[in-house]
Chemist: 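If you scroll down you'll find the structure; I have some questions about it.
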Amino acid sequence: MIEKVHLIAREAGEIIREGFGKQFTVEFKTNSSNLVTEIDKKAEAAIIKFINKEYPGHNILAEESGVQPGNSNYTWVIDPLDGTTNFAHGLPIFSVSIGIQKDGKTIIGVIYDVMNNRMYSAELGSGAYGNGQKLGVSRNSNLEHSLLVTGFPYDIKNNPNRTIEKFNAFLLQARGVRRLGSAAIDFCYIGAGVFDGYWEVHLNPWDVCAGILIVEEAGGKVTKFDGKICDIHSKQFLASNGKIHDAMIEILKRID
Ligand code: IPD
Ligand code: CA
Ligand code: CA
């Protein structure tokens with residue numbers, strides 16, 4: 001099954017690559033920071049068409065079109081273009097993210113980093129891979145030596161969960177903090193050992209479904225901010241190499 005998921009992620013990626021830097025329509029969703037382009041919709045339509053043909057009856061949860069109920073115990077959780085703001089502004093950091101759950105448990109996660117032509121994937125119990133090479137999280141256990149990544153939600157102007165204060169605190173504690181603009185790629189870079197830790201609030205199931213599995217299969221840890229177990233609906237996520245997890249929880253709890 002995973003080979004077929006690679007195929008459709010690549011096909012959606014080609015639609016996105018083809019549209020990059022060209023003219024496309026852009027609409028606002030909740031506010032003027034939250035965009036959707038015609039390319040997001042085209043990529044999603046291609047993925048859904050593929051699922052309906054290859055796996056009729058599977059349930060679908062996709063960012064732009066919502067729920068398509070089926071009659072099976074499989075659910076595809078899809079972000080056709082993660083990093084739309086980057087895409088719309090011509091910044092080449094965005095991805096296609098496809099997770100598959102069976103009976104509510106994620107069994108496959110595939111994230112295609114479009115402009116780097118890099119396919120990240122994981123199957124439950126079988127490890128995580130980037131372009132076929134096994135991934136592993138970093139070994140660093142010192143927050144002061146850590147490179148972290150975060151993201152800001154579309155309602156950042158309300159400073160939910162004291163996002164700005166948390167960002168300040170990590171900025172002062174860690175070696176550096178980055179903001180790439182694609183949550184799915186953030187998870188992949190934790191799995192690949194590039195970043196040591198990642199936190200973000202107000203994420204949706206399609207932002208995290210594939211990424212959580214990739215981090216876990218690469219030996220990392222994903223929880224809520226307080227360290228408690230999370231699922232794709234948890235909204236707040238802390239992902240790390242496991243070794244700096246407690247140090248990050250301490251800061252996240254202190255600035256609650
Ligand atoms: C967004 C990106 C971004 C994150 C936002 C997400 P979208 O997804 O993953 O990095 O900070 O919270 O909503 O809208 O580009 O699919
Ligand atoms: Ca997203
Ligand atoms: Ca998206």
Side-chain angles (χ1 to χ4, degrees), residues 8-9 12-13 15-17 19-20 24-48 60-67 76-99 109-115 120 148-161 163-164 166-167 170 177-191 194-195 197-212 214-215 222 224-225 230 232-239:
I8 188 55
I15 293 170
I16 295 167
R17 200 180 302 117
F20 185 57
F24 43 77
T25 58
V26 183
E27 292 163 70
F28 298 160
K29 296 205 311 188
T30 49
N31 59 41
S32 62
S33 301
N34 190 356
L35 310 176
V36 58
T37 75
E38 65 177 290
I39 306 298
D40 296 68
K41 293 180 185 171
K42 264 192 198 163
E44 182 165 303
I47 298 168
I48 291 176
I60 297 173
L61 170 60
E63 179 175 10
E64 309 306 342
S65 54
V67 174
W76 294 60
V77 184
I78 301 159
D79 191 335
L81 203 178
D82 185 56
T84 297
T85 307
N86 288 348
F87 176 81
H89 285 262
L91 182 66
I93 305 174
F94 39 80
S95 58
V96 178
S97 177
I98 302 176
V110 168
I111 294 171
Y112 183 51
D113 177 344
V114 178
M115 300 310 276
Y120 293 92
L148 307 179
V149 65
T150 189
F152 302 115
Y154 288 123
D155 59 344
I156 185 65
K157 290 183 176 70
N158 302 327
N159 194 19
N161 298 63
T163 296
I164 296 166
K166 287 185 172 83
F167 178 68
F170 281 119
V177 183
R178 301 289 180 261
R179 195 286 196 245
L180 298 186
S182 166
I185 291 180
D186 298 335
F187 280 107
C188 292
Y189 281 156
I190 295 287
V194 174
F195 294 128
Y198 163 59
W199 80 99
E200 185 166 352
V201 291
H202 291 188
L203 289 168
N204 287 301
W206 45 84
D207 299 313
V208 304
C209 187
I212 292 173
I214 289 172
V215 169
V222 187
K224 294 198 253 187
F225 283 1
C230 64
I232 62 170
H233 303 283
S234 295
K235 290 280 172 193
Q236 52 164 241
F237 297 89
L238 166 62

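One-based numbering, in listed order, for ligands and for the atoms of each.
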Chemist: Can you tell which part of Asp79 has a heavy atom less than 4.0 Å from ligand 1: side chain, backbone, both or neither?
Modeler: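 The part of Asp79 near ligand 1 is the side chain, not the backbone.
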
Chemist: Ignoring water, what protein N, O or S atoms are under 3.0 Å from the Ca ion (ligand 3)?
Modeler: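 Atoms qualifying: Glu63 OE1, Asp79 OD1, Leu81 O.
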
Chemist: Of the non-hydrogen atoms in Ala183 and Leu203, which two are nearest, and what is the gap between them?
Modeler: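 Nearest heavy atoms, Ala183 then Leu203: CB-CD2, 4.0 Å.
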
Chemist: So, does Asp40 sit close enough to ligand 1 that a heavy atom of it is under 4.0 Å from the ligand?
Modeler: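 In this structure, Asp40 fails to qualify as a contact of ligand 1 - no heavy atom is under 4.0 Å.
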
Chemist: Can you see which heavy atom on Ala239 is nearest to which on Phe187, and at what distance?
Modeler: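 Ala239 and Phe187 have their closest heavy atoms at CB-CE2, 3.9 Å.
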
Chemist: Are side-chain N/O atoms of Asp113 and Ser95 paired as donor and acceptor at under 3.5 Å?
Modeler: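 Per modelled atom types, Asp113 and Ser95 side chains form no pair under 3.5 Å.
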
Chemist: Assess the pair Tyr198 and Tyr189: is the distance between their ring centroids shorter than 6.0 Å?
Modeler: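 No.
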
Chemist: Nearest protein heavy-atom contact for atom 8 (O) of ligand 1: which residue, which atom, what distance?
Modeler: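 The protein heavy atom lying closest is Asp82 OD1, 3.0 Å.
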
Chemist: Provide the number and element of each atom of ligand 1 under 4.0 Å from a heavy atom of Arg179.
Modeler: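 That gives atoms 3 (C), 10 (O), 11 (O) of ligand 1.
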
Chemist: Considering non-hydrogen atoms of the protein only, which is the closest contact for atom 14 (O) of ligand 1, and what is the distance?
Modeler: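 I find the closest protein heavy atom is Tyr154 OH, 2.7 Å.
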
Chemist: Any atoms of ligand 1 less than 4.0 Å from a non-hydrogen atom of Ala183? List them with their elements.
Modeler: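 Contacts of ligand 1 toward Ala183, numbered from 1: 2 (C), 9 (O), 10 (O).
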
Chemist: Between Gly13 and Val114, what is the shortest heavy-atom contact and its length?
Modeler: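 Nearest heavy atoms, Gly13 then Val114: O-CG1, 3.5 Å.
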
Chemist: Tell me the protein heavy atom at minimum distance from atom 10 (O) of ligand 1, and give that distance in Å.
Modeler: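 The closest one turns out to be Gly181 C, 2.9 Å.
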
Chemist: Heavy-atom contacts with Phe152 under 4.0 Å: which atoms of ligand 1 show up? List them by number with element.
Modeler: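 Ligand 1 atoms under the 4.0 Å threshold to Phe152: 11 (O).
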
Chemist: For Val201 and Gln236, work out which heavy atoms get closest and say how close.
Modeler: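 Between these two residues, the closest heavy atoms are CG1-CB, 4.1 Å.
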
Chemist: So, are Glu27 and Lys41 salt-bridged, with charged N and O less than 4.0 Å apart?
Modeler: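 Salt bridge present between Glu27 and Lys41.
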
Chemist: Please report the closest heavy-atom contact between Ile60 and Ile78, naming both atoms and the distance.
Modeler: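 Closest heavy-atom pair between Ile60 and Ile78: CG2-CD1, 3.8 Å.
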
Chemist: Could you check Phe24 against Phe87 for ring pair (Phe, Tyr, Trp, His ring centres under 6.0 Å), going step by step and ending with a plain yes or no?
Modeler: CA-CA 11 Å; Phe24 43 77; Phe87 176 81; 5.0 Å; yes

Chemist: Step by step, would you call Tyr120 with Tyr112 a ring pair (Phe, Tyr, Trp, His ring centres under 6.0 Å)?
Modeler: CA-CA 6 Å; Tyr120 293 92; Tyr112 183 51; 9.4 Å; no

Chemist: Once you restrict to heavy atoms under 4.0 Å, what part of Glu200 touches ligand 1? Side chain, backbone, both or neither.
Modeler: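 Side chain only.
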
Chemist: Under 4.0 Å, counting heavy atoms only: does His202 come that close to any atom of ligand 1?
Modeler: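 No; His202 lies far enough from ligand 1 that no heavy-atom distance drops under 4.0 Å.
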
Chemist: Where's the contact between Leu203 and ligand 1, heavy-atom distance under 4.0 Å: side chain, backbone, both or neither?
Modeler: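 Contact part for Leu203 vs ligand 1: side chain (C-beta onward).
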
Chemist: Do we see a donor-acceptor contact under 3.5 Å between the side chains of Thr84 and Asp40?
Modeler: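 Checked: Thr84/Asp40 side chains pair up, N/O donor to acceptor below 3.5 Å.
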
Chemist: Could you list the atoms of ligand 1 found under 4.0 angstrom from a heavy atom of Glu63?
Modeler: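 Those of ligand 1 that fall under 4.0 Å from Glu63 are 16 (O).
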
Chemist: Could you list the atoms of ligand 1 found under 4.0 angstrom from a heavy atom of Leu81?
Modeler: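 This gives 16 (O) as the contact atoms.
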
Chemist: Evaluate Gly83 for polar contact with ligand 1, using N/O atom pairs at a separation under 3.5 Å.
Modeler: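 By distance alone, the answer is yes.
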
Chemist: Taking the side chain as every heavy atom from C-beta outward, state whether Thr25 and Thr37 have any pair of such atoms under 4.5 Å apart.
Modeler: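 Side chain of Thr25 against side chain of Thr37, heavy atoms only: no contact under 4.5 Å found.
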
Chemist: Using a 4.0 Å cutoff against the non-hydrogen atoms of Ser182, which atoms of ligand 1 qualify?
Modeler: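 Checking each atom against Ser182, I get 9 (O), 10 (O).
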
Chemist: So is there a nitrogen or oxygen of Thr84 less than 3.5 Å from a nitrogen or oxygen in ligand 1?
Modeler: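 N/O-N/O distance under 3.5 Å: yes.
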
Chemist: Do Lys157 and Asn31 get their side chains close enough for a donor-acceptor pair, meaning under 3.5 Å?
Modeler: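 The criterion, which ignores hydrogens and geometry beyond distance, is not satisfied for Asn31 and Lys157.
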
Chemist: What I want to find out is whether Arg179 reaches Glu200 closely enough, with some N-O distance under 4.0 Å, to be called a salt bridge.
Modeler: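 Not counted as a salt bridge, because no side-chain N and carboxylate O are separated by less than 4.0 Å.
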
Chemist: Considering heavy atoms of the protein only, find what lies nearest to atom 6 (C) of ligand 1 and give residue, atom and distance to 0.1 Å.
Modeler: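 The answer is Asp207 OD1, 4.0 Å.
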
Chemist: For the 3.5 Å polar cut-off, considering only N or O atoms, please tell me whether Ala184 and ligand 1 meet it.
Modeler: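 By distance alone, the answer is no.
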
Chemist: May I ask you to identify, for Glu64, whether its side chain, its backbone, both or neither come under 4.0 Å of ligand 1 on a heavy-atom basis?
Modeler: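 Glu64 to ligand 1: no contact under 4.0 Å from either part.
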
Chemist: Considering non-hydrogen atoms only, spot the tightest contact between Ser182 and Ile93 and give its length.
Modeler: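 Looks like CB-O, 4.4 Å.
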
